[in-house]
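Structure first, then comments.
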Amino acid sequence: MDYQTLTEQLWQSLTDALSHPHPWRTPVLASVDQNGLPQARTVVLREVARSRNQLCFYTDKRSPKVSQLRARPAVALLFWNPQTQWQLRITAKADVIERGERLEKVWQTLVSKGRTADYLAPGAPGSPPECTDQPPSGHQLALIVCDLVEMDWLHLDRNGHRRARLRDGELHWLTP
């Protein structure tokens with residue numbers, strides 16, 4: 001398999017995850033907290049922009065991950081597809097967007113679909129019930145935009161695993 005073919009298949013799988021049930025819809029996002037400790041959580045893939053080499057997730061701007069990503073924007077994403085036996089690890093630089101035209105456009109889309117409740121909750125994610133008495137002033141939506149640095153693909157196969165790294169338009173075959 002060449003760079004072009006593998007790249008096409010990976011981006012197509014990421015795009016497919018947006019429109020119908022797909023294992024890559026909910027990858028694990030790993031970052032590092034203020035104490036240097038790794039933090040991993042499942043996120044929902046919301047946008048795929050191959051032309052910009054970006055993936056996007058939504059979050060509540062009061063979430064601890066927002067301050068973690070602002071302090072240390074290097075992240076890793078882990079995708080697993082049990083049907084194809086494909087693992088995709090992506091390293092990226094995360095940018096948190098809390099205001100602006102792009103954010104408001106996403107917000108209006110959520111409003112039109114009636115999907116705003118998560119971003120209007122009175123308390124920050126994980127806060128105890130006694131901290132949730134007052135509704136927030138405005139929505140708490142933030143976008144996490146990940147600029148991809150590298151893709152590391154692994155295909156588990158009984159006849160021999162295959163692994164490749166895609167970076168800067170080049171494909172490097174690796175041993176698993």
Notebook entry, point to check: Between Arg41 and Ser31, is a side-chain contact (heavy atoms from CB on, under 4.5 Å) present by the stated rule, with each step listed?
Noted result: CA-CA 9 Å; Arg41 78 283 286 156; Ser31 61; 3.0 Å; yes
Check: Can you get from Val149 to Leu166 by hopping between Ile, Leu, Val, Met, Phe, Trp and Tyr side chains that sit under 4.5 Å apart?
Finding: no
Checklist line | NZ/NE/NH1/NH2 to OD/OE distance under 4.0 Å, Arg163 and Asp152 | finding: yes
Notebook entry, point to check: Can you find a pair of side-chain heavy atoms, one from Val66 and one from Thr59, that are under 4.5 Å apart?
Noted result: yes
Note to self: Tell me the closest heavy-atom pair linking Tyr58 and Glu47, and the distance in Å.
What the structure shows: OH-OE2, 3.7 Å
Check: Can you check whether Ile144 reaches Val43 side chain to side chain, under 4.5 Å on heavy atoms?
Finding: no
Next item on the list: May I ask you to check whether over 12 heavy atoms, not counting those of Arg115, lie within 6.0 Å of atom CZ?
Entry: no
Note to self: side-chain contact (heavy atoms from CB on, under 4.5 Å), that's the test. Do Phe57 and Leu77 meet it? Break it down for me.
What the structure shows: CA-CA 11 Å; Phe57 310 91; Leu77 292 155; 3.6 Å; yes
Next item on the list: Could you tell me the separation between the CG atom of Leu18 and the CZ atom of Arg25, rounded to the nearest 0.5 Å?
Entry: 6.0 Å
Next item on the list: Go through the steps to decide whether Arg46 and Val44 satisfy the test side-chain contact (heavy atoms from CB on, under 4.5 Å), and finish with yes or no.
Entry: CA-CA 6 Å; Arg46 300 295 185 176; Val44 178; 3.6 Å; yes
Next item on the list: Using the rule that two of Ile, Leu, Val, Met, Phe, Trp, Tyr join whenever any of their side-chain heavy atoms come within less than 4.5 Å, decide whether Leu88 and Val28 are in one cluster.
Entry: no
Next item on the list: Under the side-chain contact (heavy atoms from CB on, under 4.5 Å) rule, what do Trp11 and Asn53 come out as? Steps first, then yes or no, please.
Entry: CA-CA 10 Å; Trp11 281 104; Asn53 210 31; 3.2 Å; yes
Notebook entry, point to check: Is Leu78 linked to Leu6 within one hydrophobic cluster, defined over Ile, Leu, Val, Met, Phe, Trp and Tyr using a side-chain heavy-atom separation of less than 4.5 Å?
Noted result: no
Check: Are side-chain heavy atoms of Arg50 and Glu8 found at a separation under 4.5 Å?
Finding: yes
Checklist line | Minimum heavy-atom distance between Arg102 and Leu143, given as atom pair plus value | finding: CG-CD1, 3.9 Å
Check: So, Lys93 and Asp147, do they make that salt bridge, N to O below 4.0 Å?
Finding: no
Note to self: Can you confirm whether more than 12 heavy atoms, excluding those of Gln83, are under 6.0 Å from its CD atom?
What the structure shows: yes
Next item on the list: Provide the closest heavy-atom pair for Pro27 versus Leu45 in the form atom of the first, atom of the second, distance.
Entry: CD-N, 4.3 Å
Note to self: Students often mix this up, so state it plainly: with edges at 30° and 60°, are the rings of Trp24 and Trp86 parallel, tilted or perpendicular?
What the structure shows: tilted
Notebook entry, point to check: Can you tell if the side chain of Leu156 reaches within under 4.5 Å of the side chain of Trp80, non-hydrogen atoms only?
Noted result: yes
Item checked: Minimum heavy-atom distance Gln68-Asp33, with the two atoms named -> NE2-CB, 3.6 Å
Check: If you measure from CD on Gln108 to OG1 on Thr116, what distance do you get to the nearest 0.5 Å?
Finding: 10.5 Å
Note to self: What I'd like to find out is whether the side chain of Thr91 reaches to under 4.5 Å of the side chain of Val75, using heavy atoms alone.
What the structure shows: no
Margin query: Using only atom types and a distance under 3.5 Å, with no angle test, would you say the side chain of Gln85 pairs donor to acceptor with the backbone of Pro82?
Written below: yes
Next item on the list: Check for a donor-acceptor pair, side chain of Asp168 on one end and backbone N or O of Glu170 on the other, with a separation under 3.5 Å.
Entry: no
Notebook entry, point to check: Rounded to the nearest 0.5 Å, how far apart are CG of Leu103 and CG of Leu141?
Noted result: 4.5 Å
Notebook entry, point to check: For the hydrophobic clusters of this structure (ILVMFWY residues joined by side-chain heavy atoms under 4.5 Å, transitively), does one cluster hold both Leu148 and Leu69?
Noted result: yes
Next item on the list: Would you mind reporting whether Arg165 and Met151 have side-chain heavy atoms less than 4.5 Å apart?
Entry: no
Check: Just how far is it from atom OH of Tyr119 to atom CD of Gln140, taken to the nearest 0.5 Å?
Finding: 11.5 Å
Item checked: Interatomic spacing from NE2 in His22 to CZ in Phe79 - rounded to 0.5 Å -> 10.0 Å
Margin query: For Glu98, is there an ion pair with Arg62 - N to carboxylate O distance below 4.0 angstrom?
Written below: no
Notebook entry, point to check: Which pair of heavy atoms, one from Ala142 and one from Lys61, lies closest together, and at what distance?
Noted result: CB-CB, 3.7 Å
Item checked: Arg162 to Trp173 - nearest heavy-atom pair and separation -> CB-CZ3, 4.2 Å
Margin query: Just verifying a value: how many Å separate Gln34 CD and Ser67 OG, rounded to the nearest 0.5 Å?
Written below: 4.5 Å
Note to self: Can you confirm whether Ile97 sits close enough to Asp95 that some side-chain heavy atom of one is under 4.5 Å from a side-chain heavy atom of the other?
What the structure shows: yes
Next item on the list: Kindly indicate whether the side chain of Thr7, heavy atoms from C-beta on, has any atom under 4.5 Å from the side chain of Gln9.
Entry: no
Next item on the list: Test Glu150 against His172 for side-chain hydrogen bond (donor to acceptor under 3.5 Å, both in side chains), laying out the working first.
Entry: CA-CA 11 Å; Glu150 179 177 275; His172 301 280; over 6 Å; no
